[in-house]
K.L.:
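One structure is given below, represented as structure tokens, and several questions about it will come after.
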Amino acid sequence: MNLRTRLSRSEGYRLLGMYDESILILEDIPPGKERWDSLVVEARYNTYRDAEVWELANAMSGLMCRRHPSSLKWRMNYVDGMIKLGETKEAIEALEEVKDRFANFAEYIFKLGKCQAILGNVEEAKKLVKRAIKKDAKYKLEFVEDSAFDGVWESF
């Protein structure tokens, strides 16, 4: 079976919520270059994320961060996993590592604000969220809906 077929089957199982089957398809890839191809790592990440197996999802997103250091998407996936694992201080450190590349992106600013909110740094979270919303209004809805910001709301 070729890699494209395996990835398609894995994706199908994932979309059906059959996470074990999705991973088994990927585990069946013979050892070698294809087994850890970026498309396979991304498929693993997606399955682990959807299954809420954050340790393994974070291992995959961390690998993708190292492979693609200029990717904001993979850095945000990695930070999200850290937050889910309760490693908020480490998430901030992961954001600080790429500050020079992404500090002006609304998504980066918003995620940093979320981390600050989780840690109880309400005033800093407010400033960051306000900056993110100015850059991209879509974060207004995320701010309203994300329970991580409950403490910020209570401060008003």
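Treat the numbers as computed from the prediction; the structure is a model and nothing was measured.
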K.L.:
Within a 6.0 Å radius of atom NZ on K84, are there more than 12 heavy atoms belonging to other residues, nucleotides or ligands?
P.N.:
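Count not over threshold, so no.
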K.L.:
Do K126 and S155 have side-chain heavy atoms sitting under 4.5 Å apart?
P.N.:
yes
K.L.:
Counting only heavy atoms not in R6 (residues, nucleotides, ligands), do more than 12 fall under 6.0 Å from its CZ?
P.N.:
yes
K.L.:
Set out, in order, the CA-CA distance, both residues' side-chain angles and the distance that settles side-chain hydrogen bond (donor to acceptor under 3.5 Å, both in side chains) for T5 and N2, then state yes or no.
P.N.:
CA-CA 6 Å; T5 302; N2 68 32; 2.8 Å; yes
K.L.:
Grab the two heavy atoms, one from L119 and one from I92, that are nearest each other, plus how far apart they are.
P.N.:
CD1-CD1, 3.4 Å
K.L.:
Compare every heavy atom of K135 with every heavy atom of A106, then report the nearest pair and how far apart it is.
P.N.:
CB-CB, 3.7 Å
K.L.:
Should I83 and E87 count as side-chain neighbours, where that means a heavy-atom distance under 4.5 Å?
P.N.:
no
K.L.:
Got a second to check how far L3's CG is from M1's CE, nearest 0.5 Å?
P.N.:
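With rounding to 0.5 Å, CG (L3) is 11.0 Å from CE (M1).
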K.L.:
Give, for atom CG of D80 and atom CG of N77, the distance between the pair rounded to the nearest 0.5 Å.
P.N.:
6.5 Å
K.L.:
Looking at NZ of K134 and CD1 of I109, how far apart are the two atoms once the value is rounded to the nearest 0.5 Å?
P.N.:
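Going from NZ on K134 over to CD1 on I109, the span is 11.0 Å.
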K.L.:
Out of curiosity, does F105 fall in the hydrophobic cluster containing M64 (side-chain heavy atoms, cut-off under 4.5 Å, transitive links)?
P.N.:
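Cluster IDs for M64 and F105 differ.
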K.L.:
Using the ring centroid of each side chain, check whether F143 and W153 are separated by less than 6.0 Å.
P.N.:
yes
K.L.:
Could you check if a side-chain atom of L128 sits within less than 4.5 angstrom of a side-chain atom of Q116, using non-hydrogen atoms only?
P.N.:
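Yes, their side chains come closer than 4.5 Å.
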K.L.:
Is there a donor-acceptor contact under 3.5 Å from the side chain of R35 to the main chain of E27?
P.N.:
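Side chain of R35 to backbone of E27, a donor-acceptor pair under 3.5 Å: yes, one is there.
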K.L.:
Side chain to side chain contact (heavy atoms under 4.5 Å, CB included) for Y48 and E55? Distances and angles first, verdict last.
P.N.:
CA-CA 9 Å; Y48 291 137; E55 296 86 2; over 6 Å; no
K.L.:
Does Y78 have its ring centroid less than 6.0 Å away from the ring centroid of Y45?
P.N.:
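Here the rings of Y45 and Y78 have centres that are no less than 6.0 Å from each other.
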K.L.:
Could you pull out the closest heavy-atom pair between L7 and A43, with the gap in Å?
P.N.:
CD2-CB, 3.8 Å
K.L.:
Could you check whether any side-chain heavy atom of Y108 comes within less than 4.5 Å of a side-chain heavy atom of V98, counting everything from C-beta outward?
P.N.:
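The answer is yes, as the side chains (C-beta and beyond) meet within the 4.5 Å cut-off.
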K.L.:
Report yes if some heavy atom in the side chain of E34 is under 4.5 Å from a heavy atom in the side chain of V40; otherwise report no.
P.N.:
no
K.L.:
Can a salt bridge be assigned to the pair E21 and R9 using a cut-off of 4.0 Å between side-chain N and carboxylate O?
P.N.:
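A salt bridge is absent here (no side-chain N lies under 4.0 Å from a carboxylate O).
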K.L.:
V129 versus V152: any side-chain heavy-atom pair under 4.5 Å?
P.N.:
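Answer no - side chains too far apart.
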K.L.:
Given R49, which of M60, R44, R14 fulfils the side chain to side chain contact (heavy atoms under 4.5 Å, CB included) condition?
P.N.:
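Looking at M60, R44, R14, the match for R49 under the side chain to side chain contact (heavy atoms under 4.5 Å, CB included) is R14.
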K.L.:
Check for me, please, whether I133 and F110 land in the same ILVMFWY cluster - side-chain distances under 4.5 Å, paths through other members count.
P.N.:
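Same cluster: I133 reaches F110 through Ile, Leu, Val, Met, Phe, Trp or Tyr contacts under 4.5 Å.
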K.L.:
Quick one: pull up CD1 in I118 and NZ in K89 and give me the separation to the nearest 0.5 Å.
P.N.:
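Between I118 CD1 and K89 NZ, I get 13.0 Å after rounding to 0.5 Å.
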K.L.:
Would you say V144 ends up clustered with F149 if hydrophobic residues are merged whenever their side chains have heavy atoms under 4.5 Å apart, either directly or through other cluster members?
P.N.:
yes
K.L.:
Would you say W36 and I29 make side-chain contact, with heavy atoms under 4.5 Å?
P.N.:
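Side chain of W36 against side chain of I29, heavy atoms only: no contact under 4.5 Å found.
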K.L.:
Are L39 and L56 grouped together when hydrophobic residues (ILVMFWY) are joined by side-chain heavy atoms under 4.5 angstrom apart?
P.N.:
yes
K.L.:
Examine distances only and state if a side-chain atom of S71 and a backbone atom of H68 form a donor-acceptor pair shorter than 3.5 Å.
P.N.:
no
K.L.:
Over all heavy atoms of both residues, which pair between T47 and Y19 is shortest? Give the atoms and the distance, please.
P.N.:
CG2-O, 3.7 Å
K.L.:
About how many Å separate CG of L26 and CD of E11, when rounded to the nearest 0.5 Å?
P.N.:
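Rounded to the nearest 0.5 Å, the CD-CG separation comes to 10.0 Å.
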K.L.:
R75 side chain to L95 main-chain N or O, any donor-acceptor pair under 3.5 Å?
P.N.:
no
K.L.:
Using the rule given for side-chain hydrogen bond (donor to acceptor under 3.5 Å, both in side chains), can you reason through S38 versus R67, listing the C-alpha separation, both sets of side-chain angles and the distance that settles it, and then say yes or no?
P.N.:
CA-CA 8 Å; S38 288; R67 286 186 183 176; 3.2 Å; yes
K.L.:
With K127, which of K130, R131, E124 fulfils side chain to side chain contact (heavy atoms under 4.5 Å, CB included)?
P.N.:
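Result: among K130, R131, E124, E124 is the only option passing the side chain to side chain contact (heavy atoms under 4.5 Å, CB included) with K127.
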K.L.:
With clusters defined by side-chain heavy atoms of hydrophobic residues (ILVMFWY) lying less than 4.5 Å apart, directly or transitively, does V53 cluster with I23?
P.N.:
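Looking at the clustering, V53 is in the same group as I23.
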K.L.:
I need the minimum non-hydrogen distance between C115 and T88, along with the two atoms involved.
P.N.:
O-CG2, 3.5 Å
K.L.:
Hey, what do you get for CG (D20) to CD1 (I25), rounding to the nearest 0.5 Å?
P.N.:
12.0 Å
K.L.:
Do you know the tightest heavy-atom contact between A94 and V79?
P.N.:
CB-CG2, 4.1 Å
